[in-house]
Amino acid sequence: MSGGLPRYRTHTCGELRAQHTSTTARLSGWVHRKRDHGGLLFIDLRDNYGLTQCVLKGSSPHLRTAEGLRLESVVTVTGTVVARAPEAVNPKLPTGEIELAVEGLEVLSIAEPLPIQVSGDAEYPEDARLRHRFLDLRREKLHRTILLRSHVIASIRRRMLGAGFTEFQTPILTSSSPEGARDYLVPSRVHPGKFYALPQAPQQFKQLLMVAGFDRYFQIAPCFRDEDGRADRSPGEFYQLDFEMSFVTQEEVFAAIGPVLHGVFEEFRPECVVTPPPFPRIPFDEAMLTYGSDKPDLRNPLAIRDVTAAFRDSGFAVFAAAIAGGAVVRGVRAPQGAAQPRSFFDKLGQWARAEGAAGLGYVALAEGGAKGPIAKFLDASHLGKLRAQTGATDGDAIFFVCERRPAADRLAGRVRNKLGEELGLIEKHAFRFCWVTDFPMYELNEETGKIEFSHNPFSMPQGGLEALESKDPLTIKAYQYDIVCNGVELSSGAIRNHRADIMYKVFAIAGYSRAEVEARFGGMLNAFKFGAPPHGGSAPGIDRIVMLIAGETNIREVIAFPMNQQAQDLLMQAPAPVPPERLKELHIKLDLPPE
RNA sequence: GGGCUCGUGGUGCAGCCUGGUUAGCACACUGGACUGUCAAUCCAGAGGUCGCGGGUUCGAAUCCCGUCGAGCCCGCCA
């Protein structure tokens, strides 16, 4: 190696340009690809920053060593930057105008044959990718996504600080919290039989920070929930942009976070339309009725309509009987659907039955009349009602779902999604945000018949103490809201209940005695007795934000080291057994299920 | 806990429906050829308990049963 140069590199692999021609450069990186012509060898050397073509000629004393290098070995090369002949320029590479004529070669680390290839865009099974995550992370797509995640988080942090929020850290070892999920527990060595819990969210801490007078809190907060994974839900742990504000109404929370989200999405996806703030508000009840979901995808132009009235006294006995039994009928207009072949309707009917529906009714409208299996049961006046209620005209089809609520809403929502996809109606290159507001404070557990919190028990009920004392609990709304983007629930938040007296009552309705409330939430309840500001906030999911921005549908694609659906870390082999003496120290005896 | 789908050399796939040659192809790997490639190319080679167990059959990657693992979904997740 020539002297006087830095030990490993003078430039990165993405840095050299035509202007560096004739200078001596030293690069270090991974052997991405080799092209061996016998007396001429090309090596594409890769690092975090890019790819540089290195060339060794027949005269080189290093040719033999270089030829034998397996892919992904790590080397340092030193040589002269050479301009490529015009016909040899590679326009696909930023460094494509030059190459490094290798004079010195040092092998830093030899790679064994690879279990998954780093170069190329082959797809690999997820367990292999997770087991060799360090290799997967070298691959272009995942490497880029993880860098994007870092940039998104940096942007969010900058925007939050700019909006006057203060960043805090809150405990990881804490006590069991009142969220709905199971806690991860950590045994205490010094307190036999007692456990810490990992926070499902820093909910109580951020509220305590408001009580402590810090006014505007945020944190890129790790959250731990012992629940099963989904494509959009990482088992175990995830991150939230957790924030909270004092002396605010719901509108002021919206006004604070809307521009942050809008700004981040526009910054990283400038080619896309992003809903400008203020985002539309959709009350929960309307969302369920019109979109069949509490997380409506507003890229889909279709709307669900209640058409129960058009069928109540119609000749279609199947629906009429169901309606008499308490069912409702929901209609979804399929624009230009009448032109679809019979197989389209049959396929959707099959799909609906697979979704658990009894079936999927439809009519195809043409020339003022209607076709389809149930059209003959509908006279002109019923058809007129249907047209008026759904906005359908000749050439359209209308699909019908007939079920009891809330199943009818959910199924109609899936029909809306399905039709949007099948008919190609989903808006492309768009991030459509909305607030879903006015969630019910309570809901009825169908199995136990008991009243339970439908969301966060710390939310302020609309109407306050008076509503709690006078109204049917199931009709009470909370100042509780979700941010939804493209049908993905990004966060849920609320104006909190900052009054101890209302809190006792809120919990009493859900069946918690005064003593229980004090035992479980004594810390926060106590804080509210010494002067608590009205406050509220929300907590958009960082992983889901990055997932949307990256255009991924699987949340593990935006996490550097995710666990699999069974909540196992295949790389670090967690969870793992521990030696008996560690268990003894923690006062734990195992009681394992039989094999 | 349940449903659906998948499981074939290191990796991605084909073969399975309709049982019967030496289980085929590509990438990677090993050896060889090759002086301008950029997914280099060409030749040769090595590498497989067809997830595991049982059954049917003269014969099973293929059919049947069970089991294990993975993914997606339901439950669950304010």
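In what follows, chains are A, B, ... by sequence order, proteins preceding strands, each numbered from 1.
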task = Compare the minimum distances between each of B/A70, B/C76, B/A28 and the side chain of A/Q568, then state the nucleotide with the smallest one.
result =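 Nucleotide nearest to A/Q568's side chain: B/A70.
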remark   = Whether each nucleotide of nucleotides 35-45 of chain B has a protein heavy atom under 4.0 Å at its base (B), only at its sugar-phosphate (S) or at neither (-) is summarised, 5' to 3', as SBBBSB-----
Side-chain H-bond candidate by donor/acceptor type, A/R35 with A/Q53, under 3.5 Å =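 Distance-only check passes for A/R35 and A/Q53.
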ask   = Taking the same atom, P, in B/G9 and in B/C13, what whole-Å distance lies between them?
value =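 It works out to 11 Å between them.
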task = Flag the pair A/F284 / A/F439 as yes when their ring centroid distance falls below 6.0 Å, and as no otherwise.
result =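 Yes, close enough.
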ask   = With a non-hydrogen cut-off below 4.0 angstrom, is A/S454 in contact with a base, only sugar-phosphate, or nothing?
value =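 Sugar-phosphate, backbone atoms only, no base.
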request  = Check the distance between B/A78's P and A/D242's CG and give it to me in whole angstrom.
outcome  =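 Atom CG in A/D242 sits about 14 Å away from atom P in B/A78.
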query = Quick one: A/D294 CG to B/C77 P, roughly how many Å, whole number?
reply =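 Going from A/D294 (CG) to B/C77 (P), I get 14 Å.
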task = For the pair A/N564 and A/E126, evaluate side-chain hydrogen bond (donor to acceptor under 3.5 Å, both in side chains) and give the outcome as yes or no after the intermediate values.
result = CA-CA 8 Å; A/N564 68 6; A/E126 196 163 32; over 6 Å; no
query = Would one find more than 12 heavy atoms of other residues, nucleotides or ligands at under 6.0 Å from atom CZ of A/R17?
reply =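 Buried by this count: over 12 neighbours within 6.0 Å.
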key: A/E140, CD atom: more than 12 neighbouring heavy atoms under 6.0 Å   =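 Atom CD in A/E140 is not packed in, count stays at 12 or less.
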side-chain N/O A/Q200 vs B/A78 OP1/OP2, d < 4.0 Å =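 The answer is yes; a side-chain N or O of A/Q200 sits under 4.0 Å from OP1 or OP2.
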Nearest-nucleotide comparison on RNA chain B, the residue closer to the 5′ end among A/P115 and A/L71 =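 Nearest nucleotide further toward 5': that of A/P115.
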message = Could you check whether any side-chain heavy atom of A/L241 comes within less than 4.5 Å of a side-chain heavy atom of A/F218, counting everything from C-beta outward?
response =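 They are in side-chain contact.
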Between the protein and nucleotides 71-74 of chain B, which nitrogen or oxygen pairs come in under 3.5 angstrom?
residue	atom	partner	partner atom	Å
B/G71	OP1	A/Q565	N	3.1
B/G71	OP2	A/Q566	NE2	2.6
B/G71	O3'	A/R556	NH2	3.1
B/C72	OP1	A/N554	ND2	3.0
B/C72	OP1	A/R556	NH2	2.5
B/C72	OP2	A/R556	NH2	3.2
B/C72	OP2	A/Q565	OE1	2.4
B/C73	OP2	A/A231	N	2.9
B/C74	OP2	A/R230	NE	2.9

request  = Please name all residues satisfying ring pair (Phe, Tyr, Trp, His ring centres under 6.0 Å) with A/H498, sequence neighbours left out, ordered by chain then number.
outcome  =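 Checked A/H498 against ring pair (Phe, Tyr, Trp, His ring centres under 6.0 Å); zero matches.
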Ring pair (Phe, Tyr, Trp, His ring centres under 6.0 Å) between A/F205 and A/F168, worked out = CA-CA 10 Å; A/F205 290 114; A/F168 289 80; over 10 Å; no
